[in-house]
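Order of the sequence lines sets the chain letters (A, B, ...), proteins ahead of strands, with each chain counted from 1.
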Amino acid sequence: DGGITQSPKYLFRKEGQNVTLSCEQNLNHDAMYWYRQDPGQGLRLIYYSQIVNDFQKGDIAEGYSVSREKKESFPLTVTSAQKNPTAFYLCASSIVGQGAVEAFFGQGTRLTVV
Amino acid sequence: AQRVTQPEKLLSVFKGAPVELKCNYSYSGSPELFWYVQYSRQRLQLLLRHISRESIKGFTADLNKGETSFHLKKPFAQEEDSAMYYCALKGAGSYQLTFGKGTKLSVIP
């Protein structure tokens with residue numbers, strides 16, 4: 001079954017703990033993205049990566065970190081420095097090429113920090 | 001900097017009425033524009049992109065560079081069109097994909 005998989009679907013953590021969200025794709029896409037989705041805020045870009053071992057900050061990168069050691073994987077760590085981490089997180093991937101390429105999205109992870 | 005503005009949080013129309021979801025953008029170069037849709041309990045998925053100039057599920061969108069707009073239109077709304085709609089922008093040659101805040105479309109039977 002090809003696609004982009006995020007795990008887990010729901011995640012609970014205590015305040016002050018770091019937590020890592022998984023994102024895996026078997027679409028052979030070079031570009032991967034992390035977004036945060038809050039009610040009334042739409043999707044805000046956290047980090048994106050267009051190639052292995054390279055990534056760029058998006059609009060709201062503070063308090064988050066990523067790695068891109070493998071093409072298929074782009075994990076996101078929500079650190080204790082993130083002031084309001086409770087949110088719905090979406091991962092996406094796309095090919096890298098000219099033209100208006102489509103981004104494919106995962107099902108999302110809902111993180112709740114208590 | 002690139003920015004996408006969707007001025008309406010919620011749009012309610014009756015079945016069979018025309019629909020227009022507004023999208024304005026800010027980008028200094030050549031933009032690539034998209035509409036994504038999220039139906040209830042489903043993944044966010046591409047609806048259409050400006051470059052293809054096609055009609056998907058009866059929806060069309062025209063890029064107006066003079067007005068920096070990419071409004072989504074459908075002549076006759078259906079109940080199954082009820083969903084969250086997001087306008088998105090990517091600069092030509094860039095990989096940063098920026099979304100608007102979204103518009104929730106509710107089609108009243």
Side-chain angles (χ1 to χ4, degrees), chain A residues 1-6 9-10 23 25 27 29-52 54-61 66 68 74 87-110, chain B residues 1-10 21-27 29-54 56 61-63 70 83-104:
Chain A
D1 183 24
I4 181 163
T5 303
Q6 292 184 242
K9 196 171 179 180
Y10 300 96
C23 179
Q25 52 97 0
L27 301 168
H29 287 169
D30 283 302
M32 295 188 75
Y33 305 81
W34 273 107
Y35 292 90
R36 173 180 170 140
Q37 189 176 29
D38 295 284
Q41 295 290 325
L43 277 73
R44 291 183 289 169
L45 182 63
I46 305 172
Y47 269 98
Y48 63 105
S49 166
Q50 56 201 66
I51 198 169
V52 173
D54 187 47
F55 46 82
Q56 285 78 41
K57 291 182 179 180
D59 300 315
I60 55 164
V66 292
R68 189 83 189 277
F74 191 41
F88 190 62
Y89 291 88
L90 281 171
C91 181
S93 71
S94 74
I95 64 171
V96 164
Q98 295 194 355
V101 296
E102 176 181 357
F104 292 84
F105 283 82
Q107 291 275 35
T109 292
R110 185 166 297 282
Chain B
Q2 54 194 62
R3 183 173 292 176
V4 177
T5 303
Q6 293 179 252
E8 303 137 330
K9 278 189 180 179
L10 174 65
L21 299 168
K22 291 185 167 50
C23 173
N24 289 89
Y25 67 89
S26 172
Y27 185 68
S30 294
E32 293 167 355
L33 284 145
F34 310 81
W35 276 99
Y36 280 81
V37 61
Q38 191 168 29
Y39 300 104
S40 179
R41 298 191 188 86
Q42 292 189 27
R43 297 179 187 225
L44 192 62
Q45 58 188 287
L46 179 70
L47 179 62
L48 53 80
R49 65 196 102 188
H50 88 272
I51 201 167
S52 56
R53 300 182 66 84
E54 57 189 341
I56 304 291
D62 288 316
L63 175 59
F70 188 56
M84 197 74 185
Y85 291 81
Y86 293 95
C87 184
L89 176 150
K90 190 161 76 67
S94 162
Y95 302 101
Q96 183 170 351
L97 182 61
T98 300
F99 284 79
K101 292 187 177 183
T103 298
K104 184 173 182 179

In terms of heavy-atom proximity below 4.5 Å to chain A, should B/Gln45 be classed as side chain, backbone, both, or neither? neither
Can you tell which of A/Arg44, A/Gln41, A/Gln56 has the highest number of heavy-atom pairs within less than 4.5 Å of chain B? A/Gln41
Might you work through the side-chain contact (heavy atoms from CB on, under 4.5 Å) test for A/Gln37 and B/Leu44, ending with a clear yes or no? CA-CA 11 Å; A/Gln37 189 176 29; B/Leu44 192 62; 5.8 Å; no
Tell me, please, which residues at least two apart from A/Ile95 pass side chain to side chain contact (heavy atoms under 4.5 Å, CB included). A/His29, A/Val101
Nearest 0.5 Å please: distance from the CZ atom of A/Phe105 over to the CG atom of B/Leu46. 9.5 Å
What closest approach, in Å, do A/Leu45 and B/Gln96 show between heavy atoms, and which atom pair accounts for it? CD2-CG, 3.5 Å
Please confirm whether the backbone N or O of A/Ala103 pairs with a side-chain atom of B/Tyr36, one donor and one acceptor, at under 3.5 Å? yes
Segment of B/Gln38 engaging chain A (4.5 angstrom heavy-atom cut-off): side chain
To the nearest 0.5 Å, tell me how far A/Tyr33 OH sits from B/Phe99 CZ. 9.0 Å
Part of A/Asp59 within contact of chain B (heavy atom distance under 4.5 Å): side chain
Atom group of A/Leu43 that falls short of 4.5 Å from chain B, counting heavy atoms: both
Name the region of A/Phe104, side chain, backbone, both or neither, that has any atom closer than 4.5 Å to a heavy atom of chain B. neither
